Amino acid sequence: MYFIGIDCGTQSLRTGIFDEKGTPLAFAVKEYPVYYPSSGWAEQDPNDWWSALKFTVKKVMQDSGVDPKSVKGISLDATACTVVPLDENGNPLRRALLWMDVRAFKEAQEVTETKDEVLRYAGDDESAEWMIPKAMWLKRNEPEIYNRTRYMVEATDYLMYKLTGRWTISMCNATCKWNYVSILGGFPVGLLKKLDMEELLEKWPKDILSIGEVSDHLLPSVAEELGLPSNIPVAEGGIDAYLAMVGINITSPNKMGMIMGSSTCHMVVTDTAVFGTGVWGPYPDALIKGKWVLEGGQTSTGSVVKWFVDQFTNASYEELDTKASEIPPGSEGLILLEYWQGYRSPIRDPLARGTIWGLSLKHTPYHIHRAIYEGTAYGTRNIIEAITSKGVNIGEIYACGGGTRSKLWLQIKADVCGMPIYVPEVEEAGCLGSAIAGAVGAGYFKDLKEGASQMVKIKSVIEPNFKNKSLYDFYFDKYKRTYMQLKDLMHEMNI
């Protein structure tokens, strides 16, 4: 039997088909554009996601040669919080506000200033990336669209509806991005009252499902278009980073999942609620019922690498890595802050912007390439230290995503953090995690933990070079001090 996992990312949508042991039979990918109307804004067309989903599902079925009747389950993940206003028929009323869009920073500040009790479970500060601030921005700046909106949901919810015809919300998304707190009664009614946003409750679907819980079966019309049986159950999905956690088997404490894509997410499961870390959470029931998740994030990592390569070099990634590996730790005096789209953790500052200093005429593009790797590694260490300072034990890092293709980047991360990094066989952990959720929904596994233990395999481990870590300690200190020196100037430049 086989399971399909769909991963709707920032730059493309990827679909994979796997057997019950986690062996991939085929992958397919379809890219789509991101629109940047203004500094700090980012948008996508939801129709592009749906077109990409249909294309990739049909392609993996064709390329794998799998009998459609052997496909027993489907699930998906998507970027979050990517907000989509829709009419009563599920049609987009405008381009979606992508997760990295931080135009609603003033609205986020207003949410934080309420000091509502739900904020304690979101790291105390509201993010401009999340649902409520973005909905507030739409209400104030595009009232016609806001008033016409019947469903204000996320990319995950939109695609689940397109597949099944049923409106649901993922518990994962609602908890992590909508200020939903199960142990406080669910939806943040009191918070919305304080913000004069009570009508938003009517724009949210009422059914909330956990990852892996069956939503419905494929719509007959969709099944026919995809070439699949209509009796295939579609299991509830969630946030891309959370399904990637499943895809690298981060379902228990003492390990950190590092999902290296356009952004980098750092995910830790805990048995109890841990407050005051500076990262998002603690989130109850977001991944597994009865467990908590801490989520640290860097808004711009892989996207900074891509930006540099696309805009300033004609070299391949392989050439850049080869030359950058010959440069000593510290890039011969360069410090880079990776805040191209803001600073997410452990300090929440959507107005922070990218910085590089220490440049001399000696420096080459290869130095800057290495400095980007090192700056993002400092950001990861900063998050780890914020979490462990509250007594959380992290002994190992499990990495996935496009960033794991660079052995140099992984080695720099291991050296800076002083921890081994484990790399799974399946790089597309989001696809695998979604396939595992599909297998749970089909009843093949009892839960996500069992599914991950059976379908995830480790390929290699990157051991840290502690001599390099000692060198990096010096630069890491400068990394932290640079933001404190420049933050006021960064804010003045955001006009």
Side-chain angles (χ1 to χ4, degrees), residues 1-9 12-20 24-32 44-78 84 86-93 96 150-151 153-170 205 207 209 211-238 243 428 430-444:
M1 62 181 64
Y2 302 95
F3 307 99
I4 292 176
I6 300 162
D7 174 28
C8 180
S12 64
L13 184 144
R14 298 164 290 277
T15 294
I17 184 166
F18 304 82
D19 66 17
E20 68 274 15
L25 280 78
F27 287 102
V29 61
K30 179 73 172 177
E31 295 184 350
Y32 35 64
Q44 280 183 335
D45 185 345
N47 294 304
D48 288 342
W49 308 331
W50 181 236
S51 296
L53 184 151
K54 292 188 292 183
F55 171 83
T56 56
V57 170
K58 288 188 283 188
K59 192 168 192 317
V60 295
M61 291 303 299
Q62 176 184 339
D63 292 351
S64 67
V66 167
D67 182 350
K69 294 180 182 178
S70 299
V71 178
K72 301 302 180 182
I74 299 175
S75 189
L76 62 87
D77 65 73
V84 189
L86 306 161
D87 67 17
E88 64 277 4
N89 297 315
N91 298 312
L93 294 172
R150 174 61 187 87
Y151 298 103
V153 296
E154 290 200 45
T156 298
D157 313 312
Y158 170 76
L159 292 174
M160 288 290 295
Y161 169 76
K162 295 289 284 186
L163 288 173
T164 67
R166 179 187 176 191
W167 286 110
T168 60
I169 302 173
S170 170
D207 294 337
L209 303 179
I211 295 173
E213 190 174 350
V214 174
S215 171
D216 210 320
H217 295 78
L218 281 177
L219 282 170
S221 59
V222 172
E224 182 178 3
E225 187 171 7
L226 297 178
L228 294 170
S230 59
N231 63 348
I232 297 176
V234 181
E236 184 63 66
L243 271 301
E428 300 292 353
C431 289
L432 178 56
S434 290
I436 293 169
V440 172
Y444 190 80

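Since this is a predicted model, take the numbers as computed values, not measurements.
- The two residues Tyr158 and Val153 make their nearest non-hydrogen contact at N-CG2, 4.2 Å.
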Would Val84 and Trp49 satisfy side-chain contact (heavy atoms from CB on, under 4.5 Å), going step by step from the backbone distance to the final call? CA-CA 12 Å; Val84 189; Trp49 308 331; 3.7 Å; yes

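- The minimum heavy-atom distance between Pro229 and Pro68, with the atom names listed, is CD-O, 3.4 Å.
- The shortest non-hydrogen separation linking Asp207 to Arg166 is OD2-NH2, 3.2 Å.
- A 4.5 Å side-chain heavy-atom check between Pro233 and His217 finds at least one atom pair inside the cut-off.
- To the nearest 0.5 Å, the span separating CD1 on Ile436 from SG on Cys431 amounts to 11.5 Å.
- Around atom NZ of Lys54, more than 12 heavy atoms belonging to other residues, nucleotides or ligands sit under 6.0 Å away.
- No donor-acceptor distance shorter than 3.5 angstrom exists from the side chain of Thr156 to the backbone of Gly237, with no hydrogens or angles considered.
- Across Val71, Thr164, Ile74, a single residue satisfies side-chain contact (heavy atoms from CB on, under 4.5 Å) together with Leu218, and that is Ile74.
- Below 30°, between 30° and 60°, or above 60°: for Phe18 and Phe27 the angle between ring planes is above 60°, a perpendicular geometry.
- Pairing each heavy atom of Ser230 with each of Ala223, the nearest pair is CA-CB, 3.6 Å.
- Residues Ile4 and Met61 form a side-chain contact, since some pair of their non-hydrogen atoms from C-beta on lies under 4.5 Å apart.
- Classification of the Trp167-Tyr161 ring pair by plane angle, with boundaries at 30° and 60°, yields parallel.
- Considering Val214, Ile169, Thr168 as possible partners of Leu209, the one that fulfils the side-chain contact (heavy atoms from CB on, under 4.5 Å) test is Thr168.
- Taken from OG1 in Thr56 to CG in Leu13, the straight-line distance is 4.5 Å, to the nearest 0.5 Å.
- The shortest heavy-atom contact between Ile17 and Ser64 is CG2-CB, 3.9 Å.
- For the side-chain contact (heavy atoms from CB on, under 4.5 Å) with Leu243, the lone residue among Ile211, Leu432, Ile6 that qualifies is Ile211.
- The heavy-atom pair separating Arg14 from Gly9 by the smallest distance is NH2-CA, 3.9 Å.
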Step-by-step side-chain contact (heavy atoms from CB on, under 4.5 Å) determination, Val234 to Met160: CA-CA 8 Å; Val234 181; Met160 288 290 295; 3.9 Å; yes

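- Going from atom OG of Ser215 over to atom CD of Glu236 covers 6.0 Å, rounded to the nearest 0.5 Å.
- Between Val60 and Tyr2 the shortest side-chain heavy-atom distance does not fall below 4.5 Å.
- Considering OG1 of Thr15 and CG of Leu226, their distance stands at 9.5 Å, rounded to 0.5 Å.
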Does the side-chain hydrogen bond (donor to acceptor under 3.5 Å, both in side chains) test come out yes or no for Asn47 and Asp45, once each step is laid out? CA-CA 5 Å; Asn47 294 304; Asp45 185 345; 3.1 Å; yes

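- Within the 4.5 Å cutoff, the side chain of Pro205 has no heavy atoms near those of the Asp157 side chain.
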Worked verdict on Lys72 versus Tyr444 for side-chain contact (heavy atoms from CB on, under 4.5 Å): CA-CA 9 Å; Lys72 301 302 180 182; Tyr444 190 80; over 6 Å; no

Stepwise, does the side-chain contact (heavy atoms from CB on, under 4.5 Å) test hold for Asp48 with Lys30? CA-CA 9 Å; Asp48 288 342; Lys30 179 73 172 177; over 6 Å; no

